[in-house]
Amino acid sequence: MKSYTAIVERCPDTGMYVGLIPGFQGAHTQAESLDELNQNLREVVEMLLEDGEPKLESEFVGTQSVMVG
């Protein structure tokens, strides 16, 4: 079993959740709920892995809070 980290955002215009796996070409999707988004991401990754293990273009490191003002 392999684990990937997804970045999740919510579109202010549509309210849809958008998820992507950094560095994994084509690994992105959207959904109306977080559960549905997770399922969609799993399906996308499984489909992409049918072509073999990808060479990740980047590696997720983390997030930072940036204070201004």
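Computed from a predicted structure; not experimentally measured.
Rounding to the nearest 0.5 Å places CD of Gln30 at 10.0 Å from NE2 of His28.
Residues passing the ring-ring contact (aromatic ring centres under 6.0 Å, His included) test with Tyr4 are Phe24, sequence neighbours excluded. By the side chain to side chain donor-acceptor pair (under 3.5 Å) test, Gln25 pairs with no residue at all, sequence neighbours left out. Here Asn38 pairs with Arg42 under the side chain to side chain contact (heavy atoms under 4.5 Å, CB included) rule; sequence neighbours left out.
Listed for the Asn40 side chain is no donor-acceptor partner under 3.5 Å among the backbone atoms of Ala31.
The shortest side-chain heavy-atom distance between Leu49 and Pro54 falls under the 4.5 Å cut-off.
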Mind listing the side-chain donor-acceptor pairs of residues 10-21 below 3.5 Å, one per line with the distance, residues two or more places apart or on another chain?
residue	atom	partner	partner atom	Å
Arg10	NE	Gly15	O	3.1
Arg10	NH1	Tyr17	OH	3.1
Thr14	OG1	Met16	N	3.1

List, one per line, each side-chain donor-acceptor pair under 3.5 Å for residues 57-68, sequence neighbours excluded.
residue	atom	partner	partner atom	Å
Ser58	OG	Gly23	N	3.4

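The salt bridge (Lys or Arg N to Asp or Glu O under 4.0 Å) pairs that include a residue from residues 17-41 number zero, where partners must be two or more places apart or lie in different chains.
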From CA spacing to verdict: side chain to side chain contact (heavy atoms under 4.5 Å, CB included), Gln39, Glu43: CA-CA 6 Å; Gln39 179 62 38; Glu43 290 173 4; 3.0 Å; yes

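In the hydrophobic clustering of ILVMFWY residues, with side-chain heavy atoms under 4.5 Å counting as a link, Ile7 and Leu37 come out apart.
Shown here for Ala27 and Leu48, the closest heavy-atom pair between the two residues is N-CD1, 3.7 Å.
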